[in-house]
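Below is one structure, written out as structure tokens; comments come after it.
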Amino acid sequence: MKNGKNNMHRREGSRRRTGRLRVLLLLAVCTTLLVGCLSGCGEKETMADKGAELLLGFSQLGSESAWRIGNTRDIEKKAEEYGISLMLENANQKQENQIAALRRFIAYKVDVIAFSPIVEEGWDNVLKEAKEAGIPVILVDRDVNTKESGLTTCLIGADFYKEGVMAAEYLIRKTNALGKDHMKIVEITGTEDSTPMRQRQAGFMDTIKQDSRLEVIKSVNGDFLKSQGAECMRELLKTYGSDIDVVYSHNDEMTLGALTEIEQAGYQPGKDIVIISIDGGQDAIDVLKEGKINCIVECTPMLGSTVMETAKKLKNGETVDQLIHPEERYFSDEQDLSNLEPRGY
Ligand code: GYE
């Protein structure tokens, strides 16, 4: 009897255990199915987002600077994040390559076109073709100058005029701090006829005009390239030597190129010559911290999110803001930059 009872208990016990095991097994199966379904469904949604919903053609003008490379990277990253299919073409600094890329986007019937025009003029025909095909065009970073208006929907990029003003305002403060009554400036400009070249020059000139101590003795074109910046500086030093008090350069690459030449000629950049740059990429910021650049006006290449949001709105037939400028600041020897976040470009 005792044994029989014990056996019954054991059997009941093992039945209960088997029952619990079954429940656990069932739960495990359900969870696997649920998780499988959720991730499967998620995958299908992302594929649909990527494949069918929005195809964006983006023509980048080249890879001349840390700014440009950072901008391309940001656009690729944000397209991925927003589930937008991106057709990206790099024009290697040639307008004809950009025009050909835009025509390919039109033939391919992309939903939206975005592009960073290398120069302002020469886009009328291709932009008319995009309009006739019913494809909205977003200008990224730089502007165009067309005879007909309404060929593009909006411009997402920096306020280059304001950048020039900020550069000049720094120089006025620096001139006060040094107690100088005359400063001779050489300007190394970006690509001729490009929006940043025109407006960074205009903003700077309009501002220094109001201060009789400041004089631009020479303006040369460095095409936003490091090699050109160096070559321009070599020539400027040959012609003007120790007369040069200030270098105003339209981007970091040209500035870094110029610095090597200044040092080779036996001058101390940041001390013998005031150095003002634009962009604020990590390499130039590091040099500013060493004291060889005095001021860098920020120009951010992180335009990707705004481009993707705008493309989505255009695809849905919504209206968009015509002009979107990111917030920008400047970095200088007047500030403590020890806690500055990594720049990301
Ligand atoms: O400053 C320069 C680049 O258009 C804002 O182009 C851009 C400029 C940038 O190559 O470094």
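What's counted below: heavy atoms across the whole structure, side chains too, no hydrogens, waters or symmetry copies. These figures come from a predicted structure and were not determined experimentally. One-based numbering, in listed order, for ligands and for the atoms of each.
For ligand 1, the atoms sitting less than 4.0 Å from at least one non-hydrogen atom of W67 are 5 (C), 9 (C), 11 (O), numbered in the order shown with element in parentheses. Ligand-side atoms of ligand 1 in range of S65: 2 (C), 3 (C), 10 (O), 11 (O), range being under 4.0 angstrom from any heavy atom. Atoms of ligand 1 lying under 4.0 Å from at least one heavy atom of F160, given by number and element, are 5 (C). Close contacts between ligand 1 and C299 involve ligand atoms 5 (C) [criterion: under 4.0 Å to a heavy atom]. The contact set between ligand 1 and P196, taken as ligand atoms under 4.0 Å from a residue heavy atom, comprises 4 (O).
Salt bridge status for E129 with R103: present, with a side-chain N to carboxylate O gap under 4.0 Å. A salt bridge is defined here as a Lys NZ or Arg NE, NH1 or NH2 lying under 4.0 Å from an Asp or Glu carboxylate O, and E261 with R234 meets this definition. Ionic pairing of D245 and K184 is not present here: no N-O contact between side-chain nitrogen and carboxylate oxygen is shorter than 4.0 angstrom. Salt bridge annotation for K226-D252: absent, with no cationic side-chain nitrogen under 4.0 angstrom from a carboxylate oxygen.
Here R200 has side-chain heavy atoms under 4.0 Å from ligand 1, and that is the only part of it that gets that close.
Counting only heavy atoms of the protein, atom 8 (C) of ligand 1 lies nearest to R142 NH2, 3.7 Å. Shortest contact from atom 10 (O) of ligand 1 to any protein heavy atom: E64 OE2, 2.4 Å.
Of the possible polar contacts, none joining the T152 side chain to the V137 backbone as a donor-acceptor pair under 3.5 Å is found.
Between W67 and the choices T72, N251, D141, the side chain to side chain contact (heavy atoms under 4.5 Å, CB included) rule is met once, by D141.
Among D141, D279, N251, the residue whose heavy atom lies nearest to atom 5 (C) of ligand 1 is D141.
Relative orientation of the H250 and F224 rings is tilted, given thresholds of 30° and 60° on the angle between their planes.
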